[in-house]
Amino acid sequence: MQLLWLSLSILLLLQPPNFCQSKRLVGPYEPTGPSGRIKGGEEAEIGFAPYQVSLQPIVGSHNCGGAILNEQWIITAGHCVENYIPALVNVITGTNKYAEPGAIYYTEEIHMHCMYDQPYMHNDIALVKLTQNITFNELTQPIDLPTRPVRSGDEIVLTGWGAQEPYAGSVENLQKLTLGFVPLDECYEIFNQTSSMGVGHLCTFSREGEGTCHGDSGGPLVSNGHLVGLVNWGRPCGVGFPDVQADVFYYLDWVRSTISGNDRCYY
Ligand SMILES: *[C@@H]1O[C@H](CO)[C@@H](O)[C@H](O)[C@H]1NC(C)=O
Ligand SMILES: *[C@@H]1O[C@H](CO)[C@@H](O)[C@H](O)[C@H]1NC(C)=O
């Protein structure tokens, strides 16, 4: 079984900085019934996800998504910033086009979860502290942390610049996709009880032909105005299996303690 992280780090070694030739794999989705069908995926409106950021090792070259928590802190997946020095984590805000930044912020500190990748593919979450405060405006806003776990029936909105096909380039314009919640026990069975899944994960699914793909990693999943997930891993891409995200509600204590200056591990 091939389970792959969804960042584009590996691609950076193989491709020139600007690769944005293909579209994200999103297709028709029916949240509750035959109405609301979106054929061929949807471009996000300007200002649709003002909390969305693009993490770029070289400005102009999208690697991962992330979300703004407050003036100084960005949240993303651990594998998006693992082994990176702060100078290679440029944070692009306030735009639907990753290659046309509203603003660029620089990273002062990277805080990986202390149990990142232990066990394999668990605790895939990180916080990034910026050197300067973000200036908020219409296109640049923080997203609230969740106040309760996601439940069946909750509508979850994913945004990202991820690819349409496995390992393909990022898309120029931010895409959005509405997903449903898959209970963890069901998801665990679907993935044949893989040890890569644990209590800190959140599964989402809509239908075959839709889902997260390379370049979506670290990006936000939002439900009812709260950040509920960060893209972790999946079977690339949109081939009929749920996608597996970091469950932000599960990591609330870690997020709060890290932001307040106490990097302590509770897991
Ligand atoms: C940056 O934001 C923090 C948190 O809101 C605030 O306490 C601090 O005063 C701000 N710093 C500057 C230089 O504006
Ligand atoms: C789980 O196992 C079944 C039966 O071998 C297989 O068809 C399916 O693809 C597996 N699931 C995943 C996620 O690989």
Side-chain angles (χ1 to χ4, degrees), residues 1-6 25 27 50-51 53 66-76 79 86 89-94 102-111 117 119-122 124 126-145 158 162 165-167 179-214 216-217 226-227 229 231-247 252 254-263:
M1 182 165 64
Q2 205 189 11
L3 306 171
L4 291 169
W5 279 340
L6 300 169
L25 186 62
Y51 46 82
V53 302
I68 302 170
L69 289 185
N70 62 35
E71 287 94 335
Q72 293 181 297
W73 290 90
I74 302 298
I75 193 164
T76 186
H79 74 269
V89 183
N90 301 296
V91 177
I92 275 63
T93 63
I104 304 174
Y105 294 93
Y106 303 101
T107 293
E108 186 168 292
E109 297 167 7
I110 295 167
H111 296 257
D117 208 22
Y120 182 52
M121 292 177 112
H122 289 230
D124 188 3
L127 283 157
V128 166
K129 189 182 188 187
L130 303 175
T131 59
Q132 253 193 310
N133 280 7
I134 296 175
T135 303
F136 294 139
N137 57 39
E138 226 174 288
L139 304 180
T140 312
Q141 290 290 325
I143 181 79
D144 287 335
L145 289 167
L158 164 75
E165 293 158 49
Y167 304 108
L179 299 163
F181 168 73
V182 179
L184 201 59
D185 53 347
E186 278 177 38
C187 194
Y188 185 61
E189 293 307 322
I190 290 168
F191 279 98
N192 299 323
Q193 307 183 358
T194 174
S195 57
S196 298
M197 194 182 297
V199 288
H201 284 125
L202 167 75
C203 291
T204 55
F205 185 66
S206 54
R207 62 169 61 189
E208 192 168 340
E210 299 182 347
T212 61
C213 200
H214 298 96
D216 287 323
S217 270
H226 293 88
L227 180 71
V231 176
N232 270 182
W233 60 266
R235 196 125 196 243
C237 296
V239 290
F241 293 99
D243 293 313
V244 184
Q245 335 290 1
D247 181 349
L252 271 184
W254 176 78
V255 170
R256 292 199 177 112
S257 62
T258 303
I259 285 178
S260 67
N262 298 303
D263 268 293

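This one's a predicted model, so the numbers in the text were calculated from it and none came from an experiment. Just follow the structure's listing: the first ligand is 1, and inside any ligand the first atom is 1.
Partners of H226 under the ring-ring contact (aromatic ring centres under 6.0 Å, His included) rule, at least two apart in sequence or in another chain, do not exist in this structure. In this view, E189 and Q193 satisfy the side chain to side chain donor-acceptor pair (under 3.5 Å) rule, not counting sequence neighbours. Here Y51 pairs with nothing under the ring-ring contact (aromatic ring centres under 6.0 Å, His included) rule; sequence neighbours left out.
The ring of H111 has its center no closer than 6.0 angstrom to the ring center of W254. The aromatic ring centroids of Y120 and W233 lie 6.0 Å or more from each other.
At least one heavy atom of I190 sits less than 4.0 Å from an atom of ligand 2.
With 3.5 Å as the limit, one finds a donor-acceptor pair spanning the side chains of H79 and D124. Under 3.5 Å, the side chains of H122 and S196 contain no donor-acceptor pair of N or O atoms.
Atoms of ligand 2 lying under 4.0 Å from any heavy atom of F241, numbered from 1 in the order shown and given with element: 9 (O), 11 (N), 12 (C), 13 (C). Each of the atoms 9 (O), 12 (C), 13 (C), 14 (O) of ligand 2 lies under 4.0 Å from some heavy atom of R235.
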For ligand 1, output the ligand-protein N/O contacts shorter than 3.5 angstrom; if there are none, return none.
{"from": "ligand 1", "atom 1": "2 (O)", "to": "N133", "atom 2": "OD1", "distance (Å)": "3.4"}
{"from": "ligand 1", "atom 1": "2 (O)", "to": "N133", "atom 2": "ND2", "distance (Å)": "2.3"}
{"from": "ligand 1", "atom 1": "5 (O)", "to": "E71", "atom 2": "OE1", "distance (Å)": "3.2"}
{"from": "ligand 1", "atom 1": "5 (O)", "to": "E71", "atom 2": "OE2", "distance (Å)": "3.4"}
{"from": "ligand 1", "atom 1": "11 (N)", "to": "N133", "atom 2": "ND2", "distance (Å)": "3.0"}
{"from": "ligand 1", "atom 1": "14 (O)", "to": "N133", "atom 2": "ND2", "distance (Å)": "3.4"}

